[in-house]
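A short worksheet on the structure shown next.
Per chain, numbering begins at 1; letters A, B, ... match sequence-line order. These numbers were taken from a predicted model, which means no experiment stands behind them.
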Amino acid sequence: MTLRERLREKISAAFYRHGLLCASYPVPIILFTSASILTCCYPLLRLPLPGTGPVEFTTGGRDYSVPSHEPQGDLGERPDWYRGPPVAYIQQVLVKAAVSPWDSSLVPVDVFRSPLSRAFSLLEEIRNHVHSDGSGVRSLESLCLQVTDLFPGLRRMQSVLPEHGCLLVSPGNYWQNQQELFDSDPDLLKTIQKHEPKGLSTSATLRDLLFGVPGKYTGVSHYNRKRVVTYTITIVLSTYDARFLGSLRSRLKQLHPSANCSLRDDHMVHVHFKEEIGIAELIPLVTTYIILFAYIYFSTRKIDMVKSKWGLALAAVVTVLSSLLMSVGLCTLFGLTPTLNGGEIFPYLVVVIGLENVLVLTKSVVSTPVDLEVKLRIAQGLSNESWSIMKNMATELCIILIGYFTLVPAIQEFCLFAVVGLVSDFFLQMFFFTTVLSIDIRRMELADLNRRLPAEAGLPPPKPGPLRPREAPPPPRPSPHTITLQTPAFRNLRLPKRLRVVYFLARTRLAQRIIMVGTVIWIGILVYTDPAGIRTYLAAQVSEQSPLGDPGGGALPPHLGGAPVFRGVDPTSTLSIHPAPDPTPLPDNHSQGHHDGAGRAGPLPQPPPPAVPQITWGPEDQEGWRRLSFRHWPSLFSYYNITLAKRYISILPVIPVTVHLSPQEAIETRHPQDTRHPPPSIPKVSADLQTDLTLYKVAALGLAAGVLLVLLLFCLYRVLCPRNYGQNGVSHGRRRRGELPCDDYGYSPPVSEISPLLLRGHSMDIECLASDGMLLASCCLAGQIRVWDAQTGDCLTVIPHQGLKRSSSSSGFWDQRDGWDGVGGASEFECLGSDPPLSDGLSEEDGFPLRRRSAPSRPTLFTDQPDLTPLIDTNFASQPPSHLCTPPPSHLCTPPRDGFDFGGLVERAYIEHEPPSPSTYPSASSSPPSGVPLQRRLSGGDASASLTPERGSAAGTQATADWESSVWALELRGNLIAAGRSSGKLELWDAVEGSLRCVNEDGGSGITALAFLNNR
Amino acid sequence: MSLTLTAMSNSAGTGGQQEWSGPGQTPGPSRGPYISVITNRTTNLLIRGAMLFSVGVFLSLVLNLLQVQRNVTLFPPDVISSIFSSAWWVPPCCGTASAGIGLLYPFIDRRLGEPHKFKREWSSVMRCVAVFVGINHASAKVDFANNVQLSLTLAALSIGLWWTFDRSRSGFGLGVSIALLATLATQVLVYNGVFQYTSPDFLYIRSWLPCIFFAGVITMGNIGRQLALYEYKFIQEKTHQD
């Protein structure tokens, strides 16, 4: 015995014991495992959430100095990115301008034309500002961030954004910073709108970039009721010079004093940007995840023979995922900080760890003998695979260890994670998954037991004693009208490919899932990149590094930020009318009334706009850039091919500038065309509409997209499923029923796409049908009994009418009959029926007497049966063109004229699974609702006489068969066909050989119903 | 380059593609008119070729994105702005090459008379594709100390890929020869100035290119064999029935 074998035995024994343990105490073990998972994952809480949102850090502005490159240990407050100089310093000059006092002679354009024109003089002022002191002369040119070309893809912005010079943006950029162009511009709004992207955009637009405040707050529109225009002049500096900036600030303040401004100007905010996930990085990432999911899908698909496949698949995935989490948690616990992008390496880790062991375990346990106890099964299955599991794990560990010695830091880290992950995965497999498996197998055994018990209870005792009461319900059997086709086991393999695709889609609900996943991803992307600042807010909550929680600031959602507008507009009207008893409902009422007024517009007297537009400086202005999308700065810099990823910028406190313009100035700066714009008729409605317009637009677009999607799916459905989907597939042209009732290889469509199978051969109307699933016995008025293979439609046996057979046993007679039956065998009954035949029938009356002679007994029997149809036709459009079927009223079909034998055409339509009940069964008159009634009125005799066939000993034929007797009842069981005749004779035929087995002539009147009782 | 990309794209794309084609492709031995179309040899070949081609195109696009991101390859500047981020001829080349490789592998298997039986299931194919993408990812993103280290690591990874998912001598031989051919073709292409590498260290190309080619060939062959398995099953069951 080698060492290897001994080792193997030991491992196997250990696994056996372990399996016993797991299966014996499932609940404690699962609890223990969950507890250990949670413990190991606990250190993960300390890791920052992954995200792309920027991180902020605030320092005092007065004693600012550029942070050094070397990390300083003592400054615990400082985030680790706050090192070295920033990419740029952002200095914003926030301008609020208004024409005051407002004159009624002014037109809406005046609200923003003259304030905007002031930007040019301010720009001049800033550009030409020079600070000189002992150390030298500094101008903006020397301090600002010099930019070169725009990014090549942005040629359309060339006219707007500065190139080859200072990065200094303001609304003046729309007019190339030239006052003349501005003055000669007839429509300012059009110029601004010209550069807006079409459609909806979530990231920073050019308008936001140039104005420096979100478009809503600029006030540059015709409907600005507050009549205050806000914009910023953004100066991007490469070096920080406190003295220059201080002098600029004081100069601007001196020129345009802001009276009530109390903005703090003593702190700088440093904003650090994470690495952006661009579309270029997203695509490979998504691809790896798709591959990962495909891998998981194909792996878990192999789990079989268990109670709940989904449950086990979930357990397998949970095993892998939590082992990964545990590995990260453990690594963090021991001091390793993950530097790799977790999202990127995660799929590879899963693939390396793999689901194989789990599957192998399941397979091995499942393949143990079923009759063993659950404990033993688990233990055996474990020990069977113990060696291979250990071997695989050792191999993988070796490979990973080799990888560890590549000495590449990234690979080393990956390998470390993988090793810890492998070990914890092994642990979880052994404890968690094995236990889940044991629970599952126990459940399966219980379910099996439960299923077996009621099934056995429902069956009658297998060997009934002789004293068994006769009323005992007959064993379930198909009633004569419902023919149950045994669906072939390989049915699903025979489906046409098109249908299989559809079924696959339907079964897996692929479309819904894709839409759902798409929605989730979309929402996720929105949340991830959201411009509204929710993430910033969250990040501020989560990470301790940003103490700038900013209570009243711009992190608030925009609708709250808009509150001052209302406050400014109608404080006099509303607030004085409602002396609010309760402070909270007031804002609601207030805004409600406001909106109501907007809705009704006309009748309500609107509060007059304030004569003097007030310029207020609130705390929200202090950090107005917060209201911008956090992509604002990255996109501005990216235009010049400067990336902010993993770098930071410093935002200096804003310089407030208040500009009051007199009406005269406003009128002077007017463009001649400005006055031609008619004032908007209902400005208020439009103003409100404008704010809500985006919402409506989105809603309308969404609705349209939904409708489009529905239409698209509908079209797809029509393409995939032809119009006659669900009927038989004539249009396929592949199954021509005339020659080939069924595909010769036995194509038997499943129930869901059933198509009628024509069984041809009977010369007369079908009287009775009986089936046991595989065989179908039918009897026509001529007394001929045919046995068909229900699957293929082949006629197996023909049992001719007894009398006929006896009188002329030559087959030539039958051939002859067939010949003329085809011509008019069916029309005979039409003529006899109460309804006169249609045109086709008339032409064939010539042959009538002849037939009458040859079968003299029949007419007398059936004169009272106008309903009997030669074709049991269910009006499925499946018939070959030769079967011209006249529709109801009379259910009569004109016989085909081409002389083939269609006399006893049988067409099965839907198979109905009527529960065979002893009471409804004997009367053969229950007709399937969808089919044409296979109805037979009983001319005499007891309708419910149920006769038990008795096996007579006389195998010989009773020669006294009478012409008058026709088959009234037919029953099939196994190889025996029992036929009850109108004369009361009961015959038993061998279905395969076609020979008469016995005859019983006890009954005096006709037999109308038959039932086999339990194989006696 | 294009060949490598093709191979890479082939293997990676198969993952996504085959997930859906897999269930659809399991019709079994039926001989219905629809099925017979699939059983038909030529049609089957065409379907497989098309599948492999699309996989190749997809993978080439995705993996090229990885390379372009890191400025490993340089294409003429106008093309970069396009969403496909590479010259138009790269994806078709990759697709064609992957189709060829994917069809060649089962063919050679059949010629040698030894159908590949090792780990023939979709989950293993997916794993193979994932590892292949990972190798590409590593080649593009991980910062190695020097190129020799990078190349050696990738070579080891590629051999590991072969050992884990293939383990057939024919596969190894084919992989090596195709990888050498592809490297040669890339050298010629770069020499003629069709495109270039930012920092070539092996004549005109990167030294890790053969490893990537090899891994791609193995992956594509794996996918091709798995696809061919259905046809093989058909034939087997057909003979069974007959």
Q) Does A:K363 have any salt bridge (Lys or Arg N to Asp or Glu O under 4.0 Å) partners at least two apart in sequence or in another chain, and if so, which? A) none
(Q) Using heavy-atom distances under 4.5 Å, tell me whether A:V352 contacts chain B through its side chain, its backbone, both, or neither. (A) backbone
Q. Between A:T300 and chain B, which part of the residue has a heavy atom less than 4.5 Å away: side chain, backbone, both or neither?
A. neither
Q) A:E396: what forms a salt bridge (Lys or Arg N to Asp or Glu O under 4.0 Å) with it, not counting sequence neighbours? A) B:R127
Q: With the side chain counted from C-beta on, respond yes when A:Y295 and B:V129 share a heavy-atom pair under 4.5 Å apart, and no when they do not.
A: no
Q. Roughly how far, to the nearest 0.5 Å, is OG1 of A:T288 from CG of B:N136?
A. 12.0 Å
Q: Please test B:S123 against A:E356 for side-chain contact (heavy atoms from CB on, under 4.5 Å), starting from the C-alpha separation and ending with a verdict.
A: CA-CA 9 Å; B:S123 60; A:E356 261 67 27; 4.3 Å; yes
Q: Nearest 0.5 Å please: distance from the CD1 atom of A:I411 over to the CD atom of B:Q149.
A: 7.5 Å
Q) Any side-chain heavy-atom pair from B:M126 and A:S299 closer than 4.5 angstrom? A) no
Q.
Are the side chains of B:F132 and A:I291 in contact, using a 4.5 Å heavy-atom criterion?
A. no
Q) What is the distance from atom CD1 of A:I399 to atom CG of B:L157, rounded to the nearest 0.5 Å? A) 10.0 Å
